[in-house]
Amino acid sequence: MAHSIKRISIQQLQPGMFLHDLNCGWMEHPFLRNRFMIREESQIQKIREAGIQEIYIDTEKGLDVSDAPTEEEVRQSLEREMIEIIASGPTIPVKVELNAELVRATHIRDQAQRLVHDVMQDIRLGKAVELERINPMVQDITESVLRNGGALMTLLRIKNKDDYTFLHSVSVSTLLIAFCRALGMDLDTTREAGIGGLLHDTGKAFISDAILNKPGRLSEEEFEIIKRHSDDGWNVLQKTPGIGPIPLHITRHHHERVDGSGYPDSLNGEQISQLAKMGAIVDVYDAITADRVYHKGMSATDALRKLYEWSKSHFEPSLVQAFMRCVGIYPVGALVRLESGKLGIVVEQNEADLLTPKIKAIFSTKSNGYIKPYMVDLSRSMGYGGADRIVGHEDPHAWNVDILHFMGT
């Protein structure tokens with residue numbers, strides 16, 4: 001099957017081809033389905049207008065392109081490039097152990113989620129956003145990231161489908177704060193970015209839950225309603241006393257794309273502020289890694305690969321590369337497969353080499369059972385089993401692994 005899936009450019013797409021994957025975030029295209037037969041030029045034009053440059057076709061179900069790379073060839077090529085980029089990345093030093101920070105981070109996540117819920121409720125009732133409630137929360141998130149960013153980021157990757165809208169805002173805030181710190185930005189800028197992340201989706205307060213949580217693709221009319229949220233949020237925040245330009249830019253422009261294909265203003269390149277570009281990257285990363293009622297979340301590794309692939313047209317390549325180095329190809333909380341056949345959870349990054357983190361081995365694929373957990377420092381390559389290395393990532397659901405149980409909460 002994999003050999004029949006090929007990546008082609010939009011210029012090569014023609015009627016008679018079967019579209020296997022539109023190759024963009026689920027919120028970036030107006031089609032009811034992701035897979036369908038191309039029957040007329042108007043469909044191709046619609047894809048082009050959505051800013052999509054490359055797509056995947058299934059050559060078993062439609063016309064072929066002889067010299068196009070297969071999906072597997074693209075994946076291997078991208079991952080080779082990513083490993084070179086990520087291996088050279090700096091990480092934020094960890095000040096406290098993961099277990100110690102998880103307790104505090106759980107409290108912060110719950111408080112922040114309630115705060116975003118309250119803010120949305122206030123907006124629906126016509127009340128103003130109270131920055132004096134937002135600032136201390138962002139301060140708490142920032143301090144948690146500085147103590148051990150892996151704790152809060154791990155907790156936020158696990159979202160209840162019903163709470164997605166609120167937890168997504170907390171995730172975007174947390175990831176933006178970590179991203180700013182990784183780029184060496186000052187604390188004031190970092191705080192403002194964190195505020196922008198927490199408030200970036202406030203415009204969704206005006207969208208009905210029936211549309212936000214619809215268990216299927218949106219109609220074109222519903223898609224247009226969703227697209228209004230960045231403008232609506234910006235209008236609300238403009239009335240907020242003391243709000244700075246950074247949260248306003250992030251709120252209005254987190255769906256802009258560097259090739260001009262985004263919304264609401266179709267800005268491109270230098271017209272978009274750096275922090276809004278960073279917000280766009282973080283927003284998509286968190287959205288495509290989350291389980292929703294209508295699609296299964298990707299692993300962190302797959303999501304980074306997709307961002308890297310899309311950075312040729314939609315995102316600033318240098319910022320995507322910096323973000324990849326910030327979170328690491330195997331972030332804390334990721335389930336990975338080792339060459340020895342063990343499955344383990346990443347518990348700490350190695351500052352010198354993001355490809356050799358510390359792993360807590362918990363499961364043997366050879367005996368298909370849990371084992372007594374033990375630590376493997378891949379930078380030293382020594383656990384009970386001697387030398388080992390990561391050969392891939394795994395889906396915790398597929399193995400029925402409760403990540404947080406093994407991380408000490």
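Side chains included, hydrogens not; waters and symmetry mates left out as well; all remaining heavy atoms used.
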Does Glu222 form a salt bridge (charged side-chain N to carboxylate O under 4.0 Å, His left out) with Lys227? I'd like the steps, not just the answer.
CA-CA 9 Å; Glu222 290 165 338; Lys227 284 169 72 172; over 6 Å; no
Side chain [X], main chain [Y], donor-acceptor under 3.5 Å:
{"X": "Glu224", "Y": "Glu220", "result": "no"}
{"X": "Thr301", "Y": "Ile329", "result": "yes"}
{"X": "Thr240", "Y": "Ile243", "result": "no"}
{"X": "Arg35", "Y": "His20", "result": "yes"}
{"X": "Ser173", "Y": "Val170", "result": "no"}
{"X": "Asp388", "Y": "Ser340", "result": "yes"}
{"X": "Gln271", "Y": "Asn268", "result": "yes"}
{"X": "Thr365", "Y": "Gly341", "result": "yes"}
{"X": "Thr289", "Y": "Tyr285", "result": "yes"}
{"X": "Thr59", "Y": "Ser4", "result": "yes"}

Check for me whether the distance between the ring centres of His117 and Phe166 falls short of 6.0 Å.
yes
Pairs where [range] contributes a residue and the test salt bridge (Lys or Arg N to Asp or Glu O under 4.0 Å) is met, not counting sequence neighbours:
{"range": "residues 309-319", "answer": "Arg7-Glu309, Glu54-Lys312, Lys277-Glu316, Lys306-Glu309"}
{"range": "residues 112-136", "answer": "Asp118-Arg133"}
{"range": "residues 237-254", "answer": "Asp231-Arg252, Arg252-Asp265"}

Which atoms form the tightest heavy-atom contact between [X] and [Y], and what is the distance?
{"X": "Gly150", "Y": "Thr154", "result": "O-OG1, 2.6 Å"}
{"X": "Ile55", "Y": "Asn23", "result": "CA-CB, 4.2 Å"}
{"X": "Ser364", "Y": "Ile371", "result": "CB-CG2, 3.9 Å"}
{"X": "Tyr330", "Y": "Val346", "result": "O-CG1, 3.5 Å"}
{"X": "Ile8", "Y": "Ala68", "result": "CG2-CB, 3.7 Å"}
{"X": "Gln12", "Y": "Val65", "result": "NE2-CG1, 3.5 Å"}

The test is side-chain hydrogen bond (donor to acceptor under 3.5 Å, both in side chains); show your working for Glu256 and Tyr263 and say whether it passes.
CA-CA 5 Å; Glu256 301 288 2; Tyr263 63 85; over 6 Å; no
Residue pairs, two or more places apart or on separate chains, that pass side-chain hydrogen bond (donor to acceptor under 3.5 Å, both in side chains) and touch residues 141-153
Glu101-Ser144, Glu101-Arg147, Gln139-Glu143
Do [X] and [Y] touch side chain to side chain, with heavy atoms closer than 4.5 Å?
{"X": "Val282", "Y": "Val172", "answer": "yes"}
{"X": "Val320", "Y": "Trp310", "answer": "no"}
{"X": "Ile390", "Y": "Ile359", "answer": "yes"}
{"X": "Leu338", "Y": "Leu378", "answer": "yes"}
{"X": "Val332", "Y": "Glu348", "answer": "no"}
{"X": "Met153", "Y": "Thr174", "answer": "yes"}
{"X": "Met298", "Y": "His393", "answer": "no"}
{"X": "Glu72", "Y": "Arg75", "answer": "yes"}

Show me the donor-acceptor pairs within less than 3.5 Å that the side chains of residues 195-203 make with the rest of the protein, sequence neighbours left out.
residue	atom	partner	partner atom	Å
His200	ND1	Gly197	O	2.7
His200	NE2	His168	NE2	3.3
His200	NE2	Asp283	OD1	3.2
Asp201	OD1	His229	NE2	3.1
Asp201	OD1	His254	NE2	3.3
Asp201	OD2	Lys204	NZ	3.3
Thr202	OG1	Leu199	O	2.9

[X] [atom1] to [Y] [atom2] distance, which is reported to the nearest 0.5 Å:
{"X": "Leu152", "Y": "Ile141", "atom1": "CG", "atom2": "CD1", "result": "6.5 Å"}
{"X": "Ile207", "Y": "Arg228", "atom1": "CD1", "atom2": "CZ", "result": "8.0 Å"}
{"X": "Leu319", "Y": "Ser311", "atom1": "CG", "atom2": "OG", "result": "10.0 Å"}
{"X": "Ile345", "Y": "Asp402", "atom1": "CD1", "atom2": "CG", "result": "8.5 Å"}
{"X": "Gln113", "Y": "Ser169", "atom1": "CD", "atom2": "OG", "result": "10.5 Å"}
{"X": "Trp234", "Y": "Thr251", "atom1": "CH2", "atom2": "OG1", "result": "11.0 Å"}

Which of these passes ring-ring contact (aromatic ring centres under 6.0 Å, His included) with Trp399: Phe406, Phe363, Tyr370?
Phe363
Count the heavy atoms belonging to other residues, nucleotides or ligands that lie under 6.0 Å from CD of Gln45, then report whether that count exceeds 12.
yes
Just wondering, more than 12 heavy atoms not from Asp186 lying within 6.0 Å of its CG?
yes
The test is side chain to side chain contact (heavy atoms under 4.5 Å, CB included); show your working for His253 and Ser273 and say whether it passes.
CA-CA 9 Å; His253 299 307; Ser273 71; 5.9 Å; no
Is Glu71 salt-bridged to Lys6, cutoff N-O under 4.0 Å?
no
Output, in order, the C-alpha distance, side-chain angles, deciding distance and verdict of salt bridge (charged side-chain N to carboxylate O under 4.0 Å, His left out) for Glu84 and Arg80.
CA-CA 7 Å; Glu84 282 183 32; Arg80 277 195 299 272; over 6 Å; no
Determine, step by step, whether Met278 and Met185 satisfy the side chain to side chain contact (heavy atoms under 4.5 Å, CB included) criterion, reporting the C-alpha distance in whole Å, the side-chain angles of both residues, the deciding distance to 0.1 Å, and the verdict.
CA-CA 13 Å; Met278 290 163 64; Met185 293 183 175; 3.7 Å; yes
How far apart are the C-alpha atoms of Leu176 and Thr190, what are their side-chain angles, what is the distance that settles it, and do they pass the side chain to side chain contact (heavy atoms under 4.5 Å, CB included) test?
CA-CA 8 Å; Leu176 264 177; Thr190 301; over 6 Å; no
Applying ring pair (Phe, Tyr, Trp, His ring centres under 6.0 Å) to Phe36 and not counting sequence neighbours gives Phe31
Under the side chain to side chain contact (heavy atoms under 4.5 Å, CB included) rule, what do His397 and Asp291 come out as? Steps first, then yes or no, please.
CA-CA 11 Å; His397 298 297; Asp291 285 341; 3.3 Å; yes
